[in-house]
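Before any comments, here is the structure.
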Amino acid sequence: MVVAFYVTGDEQGEWTVLRVSGELDLVTSPVLRQRVHDAVADGRHSLVLDLSEVFFCDSSGVGVLIAARRLIRSCQGNLRLILPAQGAVDGSHVNRVLGALGVRRLFDVYAGLDDAVTEEAGPLSA
């Protein structure tokens, strides 16, 4: 079964939002890496990655998320992830993977887009 992978982007105020869907793995993670690099190269340093429709993530996907965090921090920017507890069918696979690897605490995680692009909203606890 071939699963489509998409990264779409738009602007929400000062935030660039990249919505990712499908499997984030060795084959598809370079696409997300390039989109993050393109956003930063265009001067957009406030980035939200909406991963609520990602239903599989392997170590290369996690590597892209960590690299994105490092890149955004080097620009004194902000990176926020959307990882709802009940996203992508039966719960956020990415959330579980990040937690299992002990790296979820590195990210500011939000339940939805409205919270992620609102300054007053705080991230969910790890």
Side-chain angles (χ1 to χ4, degrees):
M1 177 173 116
V2 176
V3 177
F5 177 79
Y6 297 102
V7 179
T8 60
D10 69 352
E11 304 296 317
Q12 295 280 331
E14 69 179 73
W15 294 92
T16 297
V17 180
L18 296 179
R19 290 179 177 87
V20 185
S21 64
E23 296 183 7
L24 186 55
D25 59 17
L26 182 63
V27 174
T28 61
S29 59
V31 175
L32 180 57
R33 181 184 310 269
Q34 188 60 53
R35 291 295 299 269
V36 169
H37 280 267
D38 291 347
V40 170
D42 287 343
R44 296 183 298 233
H45 300 155
S46 293
L47 186 65
V48 174
L49 297 180
D50 182 349
L51 305 173
S52 58
E53 295 301 320
V54 172
F55 57 87
F56 176 80
C57 180
D58 70 6
S59 60
S60 57
V62 173
V64 167
L65 298 177
I66 292 171
R69 177 184 180 270
R70 189 178 307 120
L71 176 64
I72 294 292
R73 287 175 63 95
S74 74
C75 301
Q76 285 76 48
N78 293 300
L79 175 66
R80 295 179 175 180
L81 304 183
I82 297 175
L83 297 173
Q86 294 299 321
V89 186
D90 63 347
S92 175
H93 176 78
V94 180
N95 207 7
R96 291 191 307 269
V97 169
L98 294 177
L101 294 173
V103 297
R104 187 183 179 283
R105 62 181 169 71
L106 298 176
F107 298 97
D108 290 334
V109 175
Y110 292 79
L113 182 60
D114 289 341
D115 289 337
V117 298
T118 303
E119 289 303 318
E120 296 80 38
L124 300 173
S125 63

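In this structure the side chain of L65 reaches within 4.5 angstrom of the side chain of V94, judged on heavy atoms. Side-chain contact between V48 and Q12: absent, with no pair of heavy atoms (C-beta onward) separated by less than 4.5 Å. When side chains are defined from C-beta on, T118 does not count as touching Y110, because their heavy atoms never get closer than 4.5 Å.
Shortest non-hydrogen contact noted between L26 and S29 is O-OG, 3.9 Å. Here the shortest heavy-atom pairing between R33 and A67 reads NH1-CB, 3.6 Å. Contact between V103 and F107 at its shortest, heavy atoms only, is O-CD1, 3.5 Å.
When only modelled atom types and interatomic distance are considered, D25 and T28 share a side-chain donor-acceptor pair under 3.5 Å.
A donor-acceptor distance shorter than 3.5 angstrom exists from the side chain of R80 to the backbone of A116, with no hydrogens or angles considered. A donor-acceptor contact shorter than 3.5 Å links the side chain of D50 to the backbone of S52.
Rounded to the nearest 0.5 angstrom, L83 CG and L98 CG are separated by 6.0 Å. Here the CG atom belonging to D108 is positioned 8.0 Å from the CG atom belonging to L79, to the nearest 0.5 angstrom. L47 CG to R69 CZ: the interatomic distance, rounded to the nearest 0.5 Å, is 14.0 Å. The CZ atom of R73 lies 10.5 Å from the CZ atom of R70; values are rounded to the nearest 0.5 Å. The distance from the CD atom of E11 to the OG atom of S46 is 10.0 Å, given to the nearest 0.5 Å. The CZ atom of R96 lies 11.0 Å from the SG atom of C57; values are rounded to the nearest 0.5 Å.
V7 pairs with exactly one of L18, V36, L24 by the side-chain contact (heavy atoms from CB on, under 4.5 Å) rule, that one being L18.
L101 and L32 fall within a single hydrophobic cluster, where Ile, Leu, Val, Met, Phe, Trp and Tyr side chains are chained together by heavy-atom contacts under 4.5 Å. Residues L51 and V27 are members of separate hydrophobic clusters, defined by side-chain heavy-atom contacts under 4.5 angstrom among Ile, Leu, Val, Met, Phe, Trp and Tyr.
Here R19 pairs with D10 under the salt bridge (charged side-chain N to carboxylate O under 4.0 Å, His left out) rule; sequence neighbours left out. Under the rule for a ring pair (Phe, Tyr, Trp, His ring centres under 6.0 Å), Y6 has no partner lying at least two apart in sequence or in another chain.
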Is there a side chain to side chain contact (heavy atoms under 4.5 Å, CB included) between V54 and E23? Walk through the geometry before answering.
CA-CA 6 Å; V54 172; E23 296 183 7; over 6 Å; no
